[in-house]
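What you are looking at is a predicted structure, and each value in this text was computed from that prediction instead of being measured. Just so it is clear: chains get the letters A, B, ... in the order the sequence lines come, proteins before strands, and each one is counted from 1.
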Amino acid sequence: MRKIKEFIIEKLILLCGIASIFFVVLIFLFLLKEGLAVFKTVSPFHFLCGKNWYPISEPAQLGILPLILGSLLVTFGAAIISVPIGVACAVYIAEIAPVKIKEALKSGIELLAAIPSVVLGFIGMVTLVPWVKNVFNLPTGLTALSGSIMLAFMAMPTIVSIAEDALYSIPKTYKEGALALGATQWQAIWRVMLPAASSGILAAVMLGIGRVIGETMAVMMITGNAAVIPQSILAPVRTLTATIAAEMGEAVVGSEHYFALFAIGIVLFIISFAINVTADLALHRRQE
Amino acid sequence: MRNSHRVQNIAFFFLFLATLLIVVPVGLIIVIIIQKGLPAISWQFLSDIPRQGMRSGGIFPAIVGTIYLVLGAIIFALPVGLLAAIYLSEYAKDNLLTRMIKLAIVNLAGVPSVVYGLFGLALFVVFFKFGVSVLSGSLTLGIMILPIIITTSREALESVPHSFREVSLSLGASKWQTIRHIVLPNAIPGILTGTILGLGRAAGETAPILFTVAAFYLPQLPKSIFEQAMALPYHLYVISTQVPNVDEKVRYGTALVLLTLVLLMNLLAIIIRYQFRKKKRW
């Protein structure tokens, strides 16, 4: 009797262990199931490279190039801001800050990670957007730049905490060796610690970028949502995620528009999958 | 020598500056929301339904809706996540399957939140015909927070010393008995921390509930899990962007309530972790 109970429980545990794989596959399958239908009306090439996104005109034009470029522009801007600042902050926390300040800083950054995206979007709308509008003398502050700045903040907690982990896990002897040879602390950090932690830092950057590409509410609220090919970082853009979030409410289930939004979901899923696998490989290499 | 120390000072100064650049805005955001949101908070704001096209009245249905959703998500995610964590920490061998599970967890954590929304719409709303409902939203959020629960629970289980298990097994207890009576009780604080972090995450997410549960305006509470509900994050989005001329006070008030809810949960998780470390018996 007890053996049977034990057997059932162990199988149940195995089942839950496999559940994550099951869910990832399930997500992908359901995106495919709903999204592939769009390719009956538009070829994959025209879908990815078409310059016009007019999903409800007659006939519908379903080119997501402006959305891809919008996402890339915002992500690129966010990466330029968040990567140097994030890595610098990680170095400060891991190597320089006194223990008490270190704990306070870590909690502060955890706090930033916990603020809901919609709250950051709202704060961006009332503070950052008017500021961008005034500084650059624009008709509207809802631009790719505003989105990049806000998203940089959302990527920061990921970058800082993972890069800090990477630096922390480098054996102490590396640094001690450098110091014993007469290097200053900074030289030891710059020439020894950072190169040694490079694959972990790369993973941190990748995961931060993944967070930015997938971010939805804040970008939808502050980037202006214009589905045109962006001409500059000071123009309104529309991202892949924001398009889904803004339009799915109005799309009729089973319509071309509905299928197209799921196809955008497939694109996003593949991008995030690629980023996560790469980051995981980078992290794995470090451990070996 | 002198020169290299000057370089060091300059470098350290910039590193410090970078840190300030992150920490100061976080502080500012929180201070601004508290300062401008606090005047809006009153018993009436917290306990009344929205009135005059959401320009006045309260946010009670949104608060309750959020609590329903979060509880629904945890009822689903905790058992599955905990058992998955037990599998990974107690049973899994270092083989391809384990590697794939770990990769799947990393990917679940990385899937964009709006894609969870699409998935919830396709699977729960349309395929299972649950409709746009509390049930669909809870299940979607549940799958989304699964990686957080698995990762933190696994850490908690793995931090229980091996000798505890060995002693129990040597006394003739079975593997499951050992896990059930020795490992789990010792890991509870860590599991609790992860669960609360998951709750906080679920409470703040908007994109996954957009098409699976959120109602634009619903002046009453949902009567069953098959009905739509209002939720705080979606409500904040709606009054910030969709409804014109909402008093700024109402928006800041809503943001403050949402932020308080989420940060309180995080604070609770931190306190539990701290207490646990202090009382650690090994």
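- Annotation: the span from B/L83 atom CG to A/I13 atom CD1 amounts to 5.5 Å, rounded to 0.5 Å.
- Within 6.0 Å of atom CG in B/D94, 12 or fewer heavy atoms from other residues, nucleotides or ligands are found, so the atom counts as exposed in its surroundings.
- Contact check for B/Y87 versus A/C16: no side-chain heavy atoms found under the 4.5 Å cut-off.
- Around the CD atom of A/E103, the shell of radius 6.0 Å holds more than 12 heavy atoms that belong to other residues, nucleotides or ligands.
- No side-chain heavy atom of A/L112 sits less than 4.5 Å from a side-chain heavy atom of B/V23.
- Both the backbone and the side chain of A/I21 come within less than 4.5 Å of a heavy atom in chain B.
- In this structure, chain B has a heavy atom under 4.5 Å from the side chain of A/I9, while its backbone stays farther away.
- A 4.5 Å side-chain heavy-atom check between A/V118 and B/Y234 finds every atom pair outside the cut-off.
- For B/I270, the part sitting under 4.5 Å from any heavy atom of chain A is the side chain, from C-beta outward, and nothing else.
- Within the 4.5 angstrom heavy-atom criterion, only side-chain atoms of B/E248, from C-beta onward, approach chain A.
- Distance CG/B/L108 to CZ/A/F23: 8.0 Å, rounded to 0.5 Å.
- Using a 4.5 Å heavy-atom cutoff, the side chains of A/N276 and B/L103 are not in contact.
- If you tally non-hydrogen atom pairs under 4.5 Å between each of A/M248, A/E34, A/M156 and chain B, the highest count goes to A/M248.
- When each of B/A255, B/S113, B/S174 is scored by its heavy-atom pairs under 4.5 Å with chain A, the top score falls to B/S174.
- Heavy-atom distances place the side chain of B/F211, and not its backbone, under 4.5 Å from chain A.
- For A/L29, no part lies under 4.5 angstrom from a heavy atom of chain B.
- Within the 4.5 angstrom heavy-atom criterion, no atom of A/E95 approaches chain B.
- Proximity to chain A involves both the backbone and the side chain of B/V111, based on heavy atoms less than 4.5 angstrom apart.
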Quiz item: Taking it one step at a time, do A/I115 and B/V262 satisfy side chain to side chain contact (heavy atoms under 4.5 Å, CB included)?
Solution: CA-CA 7 Å; A/I115 300 176; B/V262 172; over 6 Å; no
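- With rounding to the nearest 0.5 Å, the separation of CG in A/L26 from CD1 in B/I143 is 7.0 Å.
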Quiz item: Is there a side chain to side chain contact (heavy atoms under 4.5 Å, CB included) between A/S20 and B/I150 once you walk through the steps?
Solution: CA-CA 10 Å; A/S20 319; B/I150 296 178; 3.6 Å; yes
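- Taking both residues in full, the closest heavy atoms of B/G204 and A/P116 are given as O-CB, 3.5 Å, listed atom of the first, atom of the second, then distance.
- You'll find the side chain of A/M217 stays beyond 4.5 Å of the side chain of B/T241, heavy atoms only.
- Using a distance-only test at 3.5 Å, with no hydrogens or angles considered, no donor-acceptor pair links the side chain of B/Q8 to the main chain of A/Q187.
- The local environment of NZ in A/K33 is crowded, with over 12 non-hydrogen atoms from other residues, nucleotides or ligands closer than 6.0 Å.
- Atom NE2 of residue B/H5 and atom CD of residue A/Q185 lie 10.0 Å apart, to the nearest 0.5 angstrom.
- Both the backbone and the side chain of B/Y252 have a heavy atom closer than 4.5 Å to some heavy atom of chain A.
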Practice problem: Check the pair B/V126 / A/Y258 against side chain to side chain contact (heavy atoms under 4.5 Å, CB included), numbers first and verdict last. | Solution: CA-CA 12 Å; B/V126 177; A/Y258 174 88; 4.0 Å; yes
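- In terms of heavy-atom pairs under 4.5 Å with chain A, the best-connected choice from B/I179, B/V115, B/I32 is B/V115.
- Minimum interatomic distance between A/G214 and B/P112 (heavy atoms only, all atoms of both residues): CA-CB, 3.6 Å.
- Within the model, atoms CD1 of B/I86 and CD of A/E10 stand 11.0 Å from one another, a figure rounded to the nearest 0.5 Å.
- Contacts of A/V160 with chain B are made by side-chain atoms alone, with heavy-atom separations under 4.5 Å and no backbone atom involved.
- Within 6.0 Å of atom CZ in B/F216, more than 12 heavy atoms from other residues, nucleotides or ligands are found, so the atom counts as buried in its surroundings.
- A/I27 and B/F119 get closest at one heavy-atom pair: CA-CD1, 3.5 Å.
- Both the backbone and the side chain of B/L21 come within less than 4.5 Å of a heavy atom of chain A.
- Note: A/F122 leads A/F122, A/F28, A/F153 in heavy-atom pairs under 4.5 Å with chain B.
- Considering all non-hydrogen atoms of both residues, B/V80 and A/A19 come closest at CG1-CB, 4.1 Å.
- Looking at B/R180, there are no atoms closer than 4.5 Å to chain A (heavy atoms on both sides), in backbone or side chain.
- Among the candidates A/W190, A/W186, A/F22, the residue making the largest number of heavy-atom pairs closer than 4.5 Å to chain B is A/W186.
- Only the side chain of B/L146 comes within contact range of chain A, judged by heavy atoms closer than 4.5 Å.
- From A/L111, atom CG reaches atom CG of B/L263 across 5.0 Å, with rounding to the nearest 0.5 Å.
- The contact between B/R251 and chain A is made by backbone and side chain atoms together, counting heavy-atom distances below 4.5 Å.
- Outside the 6.0 Å centre-distance limit, the rings of A/Y92 and B/F12 are not counted as a close aromatic pair.
- A/A245 touches chain B through backbone and side chain together, each having a heavy atom under 4.5 Å away.
- Surrounding OH of B/Y274 are at most 12 heavy atoms belonging to other residues, nucleotides or ligands under 6.0 Å away.
- Using a 4.5 Å cut-off between heavy atoms, A/I85 touches chain B through backbone and side chain atoms alike.
- Heavy atoms of B/L88 lying under 4.5 Å from chain A are absent altogether.
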Exercise. Kindly indicate, with the supporting measurements, whether the criterion side chain to side chain contact (heavy atoms under 4.5 Å, CB included) is fulfilled by A/I96 and B/F16.
Key: CA-CA 9 Å; A/I96 304 168; B/F16 177 69; over 6 Å; no
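- Heavy atoms of B/L210 lying under 4.5 Å from chain A belong exclusively to its side chain.
- Minimum interatomic distance between B/I22 and A/G86 (heavy atoms only, all atoms of both residues): CD1-CA, 4.5 Å.
- Looking at A/V25, there are no atoms closer than 4.5 Å to chain B (heavy atoms on both sides), in backbone or side chain.
- Proximity to chain A (any heavy atom under 4.5 Å) is restricted, for B/I30, to the side chain, taken from C-beta onward.
- Scanning all heavy atoms of the two residues, the minimum distance from B/S4 to A/T184 falls at OG-CG2, 3.6 Å.
- In this structure, no portion of B/K102 lies under 4.5 Å from any heavy atom of chain A.
- Residue B/V114 is tested with A/T243, A/I264, A/T241 for a side-chain contact (heavy atoms from CB on, under 4.5 Å); the sole match is A/T241.
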